[in-house]
Every structure is written in C-alpha cells, then in structure tokens.
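Letters go in sequence order (proteins before strands), and every chain restarts at 1. As a basis for the values below, the full set of heavy atoms in this structure was taken, side chains included, without hydrogen atoms, waters or symmetry mates.
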Number of protein chains: 2
Amino acid sequence: MSPDNKSATTRNRLLEVAEALFAQKGYDAVSVREITNAARCNLAAVNYHFGNKKTLYMHMFRERWMSRAQRILTCFEENLAGRDETSSSSVIQALAEAFIKGPLTDEERLYHFQLMTRELIKPTDAFEMVATETMRPFLEKLGQRLKPCLSDTGDEERTLLNILSIISMVIYFNFARVPVSKIIGHAYDEPFKDRLVQHIVQFSLSGIPLREDTR
Amino acid sequence: MSPDNKSATTRNRLLEVAEALFAQKGYDAVSVREITNAARCNLAAVNYHFGNKKTLYMHMFRERWMSRAQRILTCFEENLAGRDETSSSSVIQALAEAFIKGPLTDEERLYHFQLMTRELIKPTDAFEMVATETMRPFLEKLGQRLKPCLSDTGDEERTLLNILSIISMVIYFNFARVPVSKIIGHAYDEPFKDRLVQHIVQFSLSGIPLREDTR
DNA sequence: TTGATATTTAAACGTTCGTTTGATACAAAC
DNA sequence: GTTTGTATCAAACGAACGTTTAAATATCAA
C-alpha cells in the first residue's frame, strides 16, 4: 500500500462505515456484509484487516471514538483559554459549549453519544478502555478547574456530585435531543444551542428561580 | 386456559423473560430460541401467542414497562401526599425518591432504564406509544406541581428547561449507576440513595455552592 | 363420554449470519 | 525474471436465525 497519501484506504473506509452503522443500529444488528457493502469492499476484508467483527468494533472505538473525545476535551480547553479561567461560570460554559456546540458535526455528535450510550447499557471491553483512558483524565481535569471555584465544604463527595450533576445536564441535553426537541417544540438550531448553554450555566450556578415562600 | 388463577402461564412467562433478555441484550441480540428456553416452553410459543418476535416486544413494553412507569408515577404522588405539596423542595424530593428509591426492585429499575434507553437511541413503535401515553402526561403533572413554586419569569421555555434539568439529574444518577459508582467509590446502597436524593434537591434549588469571588 | 377448542410439541423451512478458503492482482526487492 | 508480501476477490462452510407446519396433547362445556 502507498504509505498514507490517501486516507480512504479500505481499512479506513471500514472503520468509518462501521462506526456509523454500529452507532445507528447496535453491534448485533449490523452484519459484516452490510459493513463491507457500505465500504465498497469485499466481504472478507473485515477478517483480513481486523481478524473478526469484534476486533473491528474495538479498533473503531479506539481510533474514532476516543480521538473525537480528545477533540472535545481540546475544545473545552480552548474555550477556556479565551476567558477568565478562575470564574465558575466560564468553566461551566466552556464545558457545555464543548459538548453542545463543540467541534463535532451534528452527525459526529450523534454517533458519539449513541456509541457511548450503548456501552453504558451493556458495557463491552471498549467501556473499560474509555473509562480509564478518556473519562477519568477528563473528570480529573474538570475537577481541577472547578474546585478552586467551589466553596470548600470539606466534603469531597459532595464536590463530585456537583460536578456529575453539571455533566448530567450536558449529557442529557445532548443525548436526548429527539424527545427534548419534541417537548420544547423546535429543533436544535444554533440559537437554541446558545440558549441551552446559557441555561446550563445558570441552573448550575443558582438552580431554579423560586418564589420566596415556596422553598 | 383457566381464567387467571395462576399468572405463570406460558404467555406471562414469555413476557417476563422477554423483558429481562431484551433489556440486558437488546432486541436483535436475543433469539426466540433463547426466550422460549428461558421460559421453559416450546419454540413455537412466541408465534402462537404473539404472532411474531416484534409483536412480543410491543406487548412486553405495553404490559410490563408502562404499568411499571405507572407505579413510579403513583409513588411520586404518594410521596407528595405526605408532605407540603406547595413546597418546591417537597416536589423535587418526591420526584427523586420515586425514581431513585422508588417502588421498584433494583432489578426492575435496571430493566426499566435499559429498555427506555434503548428506545432513546433507536426508537421503535414502542417509543411513540410511551411518549404519548406515559411521558407527556407525566410531564404535564410534574409541571402542574412545580409551576406554582417557580417565580413567574414569563418565560415558558425557561420553565420547561428547568424541569428537564431536574429530570436529567434524576435519570442520569439512575441510568449511569455503574460509572457513577466507580467514580464516587461505593455502591448504590440505601444511605447513598438518600444522599443522592438530598443532593438533587439541593442542587435544583440553589446550584453549586460557590466562593463569592468566582461567579 | 364426546366433540370442539386451546395449547404444546418436534421437525422442517428458507434465509442470513460470521468466518474460512484458495485463487488472483500488483507492487517492491533481489 | 523470479520471489515475496500485501491486498482483494468469489465462493463456500457450518451454524443460528425467525417462522411455519401438522400432529399430539390438554382443557372443558355439553
């Protein structure tokens, strides 16, 4: 093969279509024939390049999912670089924007969350890989950014729960786009994404706006 | 068949094991043979009682998932009946407890969220059914309870986003139990569930605790 | 007890699955 | 020109799939 002048090798096409199909349908619902047809190559190519279907899945997760997660993390830090890094609202806004607006196309973001959610429901070896190599470092970095902003309650667990709650909103408004769109009544266009980011920051900082007599 | 003296009929056993298997593995990963073996009946029983595999799935969702969602809703209202119904913290606590502690066994709750999450990733006809018959009425009821507590910002959309944010935490801390457990460092025992409920209420009411100079 | 109906059974249907095989094409190396 | 290694191909393998069939069995009112 020529070294890497063209990235659309059979191997790369396989990884690309495998990701789309596995994300949309799930591992068991996608056949090797479906993948190789979409990648315009021979049925045996999966076994030649990756050994078997399962190993193709693992390589796809490592070479596509994790590198994209890295792009989100990079985006988070770039968002933060242009702002006041010691402000809690800056950190939260940078986080929410990295996920909800972020460097990913709508399609990429959809696949990204579909794949991760499938792993959450029924973890495979890919989940362990992602947990140790991507999630934990990300949580650590996020914790380092946020802890200086939090009032020190002396309760490490509470701090973690607060961080996880922010993440829960970011993830929810990303992954449940279809039902959220239906409930709110319009699509995930750019103004609405801005609105969502603003809402997440505000909710994280002060919760829901209450009437004084109903606490 | 005798009317309903014993509920462990072949039909009911099929619905029961189908739910567990579909939740754990997903529709495509479960074979009819696996279901009928687990239900200790003949391979043809699925087609005799339900016509085909897909219809078994739909019946399972209607007769098991939705009736259980109803139990959660009932639990929410019972939780609320014993408290100050006009207090926002009471409403949020009743909601969080209904889901996180709730009337379901750990196994039931796991299946419940696994099935719903699979529908969120890749909706089937079951999702439409659940959305109109279960989710929308639930959201309406929750809105009626919460709106009197919220300061009237005159912004209907913001109110909806606030409600969805509370729901996002409730769902996240339920459905992502495995990674949350790993991150926090211990299991979902009763004290931790109480802790979670308390955290969700507090976070919803006032967000994260901040140092004054880092807003 | 009989006849009708409901349910269960073993066996087979045709299809699709993941994987393997052996042949072929095409480079660069010697 | 031959060798060597990489890549692709069509064809076939056995296994498992969802579904169908027809016979056997169970149930129960008349």
Side-chain angles (χ1 to χ4, degrees), chain A residues 1-63 115 118-119 122 124-126, chain B residues 1-63 115 118-119 122 124-126:
Chain A
M1 175 187 26
S2 58
D4 51 9
N5 50 353
K6 195 80 188 82
S7 69
T9 60
T10 298
R11 202 190 116 100
N12 282 335
R13 290 202 315 279
L14 280 172
L15 289 172
E16 185 179 336
V17 307
E19 174 182 32
L21 291 171
F22 284 145
Q24 291 171 303
K25 306 180 155 199
Y27 181 82
D28 292 290
V30 179
S31 70
V32 174
R33 283 165 177 83
E34 194 175 357
I35 294 172
T36 50
N37 285 341
R40 300 184 314 285
C41 65
N42 189 266
L43 168 62
V46 164
N47 296 83
Y48 176 75
H49 285 285
F50 300 97
N52 55 44
K53 184 186 176 184
K54 192 86 212 173
T55 312
L56 163 62
Y57 178 80
M58 290 296 292
H59 274 87
M60 177 274 289
F61 231 98
R62 176 172 284 287
E63 297 180 31
L115 287 169
R118 292 187 189 283
E119 283 294 325
K122 189 192 167 199
T124 70
D125 293 340
Chain B
M1 178 187 25
S2 57
D4 51 8
N5 48 354
K6 195 77 188 80
S7 68
T9 60
T10 298
R11 203 190 114 99
N12 282 336
R13 289 202 316 278
L14 280 173
L15 289 172
E16 186 178 336
V17 307
E19 175 182 31
L21 290 172
F22 284 144
Q24 292 172 300
K25 305 178 156 201
Y27 181 83
D28 292 291
V30 178
S31 69
V32 174
R33 284 167 176 82
E34 193 175 357
I35 295 172
T36 51
N37 284 340
R40 302 182 313 284
C41 65
N42 189 267
L43 167 63
V46 164
N47 298 83
Y48 176 76
H49 285 284
F50 300 97
N52 54 43
K53 183 187 177 185
K54 191 86 212 174
T55 312
L56 163 62
Y57 178 80
M58 290 296 293
H59 274 87
M60 177 274 289
F61 231 97
R62 177 171 282 288
E63 297 179 32
L115 287 169
R118 293 188 188 281
E119 284 293 326
K122 191 189 164 200
T124 70
D125 293 340

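Residue A:T10 has no polar side-chain atom (N or O) positioned under 4.0 Å from OP1 or OP2 of D:dA7. Remark: B:N47 is not in phosphate contact with D:dG18, judged by side-chain N or O atoms under 4.0 Å from OP1 or OP2. Under 4.0 angstrom from either OP1 or OP2 of D:dA10 there lies at least one side-chain N or O belonging to A:N42. The shortest distance between the side-chain N/O atoms of B:S31 and the OP1/OP2 oxygens of D:dA16 is not below 4.0 Å. At the phosphate of D:dT6, neither OP1 nor OP2 sits under 4.0 Å from any side-chain N or O atom of A:H49.
Regarding B:Y57, its OH atom lies at a distance of 15 Å from the P atom of D:dG18, rounded to whole Å. For the pair B:I35 CD1 and C:dT8 C1', the computed distance is 18 Å after rounding to whole Å. At whole-Å resolution of the value, NZ in B:K53 and C1' in D:dT20 are 17 Å apart. Across the protein-nucleic acid pair, B:R13 atom CZ and C:dT7 atom P stand 13 Å apart, rounded to whole Å. With rounding to whole Å, B:E34 atom CD is found 9 Å from D:dG18 atom P. The separation between A:K25 atom NZ and C:dT16 atom P is 13 Å, rounded to whole Å. Rounded to whole angstrom, the span from the CG atom of B:D28 across to the P atom of D:dC17 amounts to 12 Å. Remark: C1' of D:dA10 and CG of A:L43 are 10 Å apart, rounded to the nearest angstrom.
Among the nucleotides C:dA10, D:dA12, D:dT19, the one closest to any side-chain atom of B:N52 is D:dT19. Proximity note for B:Y48 (side chain, C-beta onward) versus C:dA6, C:dT19, D:dC9: the nearest is C:dA6.
Distance check, rounded to the nearest 0.5 Å: NE2 of A:H49 to OG1 of A:T36 gives 11.5 Å.
Nucleic acid contact for A:A44: base, since at least one base atom lies under 4.0 Å from a heavy atom of the residue.
A donor-acceptor contact shorter than 3.5 Å links the side chain of B:R118 to the backbone of B:A23.
Nearest heavy-atom pair across A:L56 and A:V46 is CD2-CG2, 4.1 Å.
Remark: B:N52 engages B:T55 in a side chain to side chain donor-acceptor pair (under 3.5 Å) (not counting sequence neighbours).
Under a cutoff of 6.0 Å and an axis angle of 45°, B:K53 and B:Y27 form a cation-pi pair.
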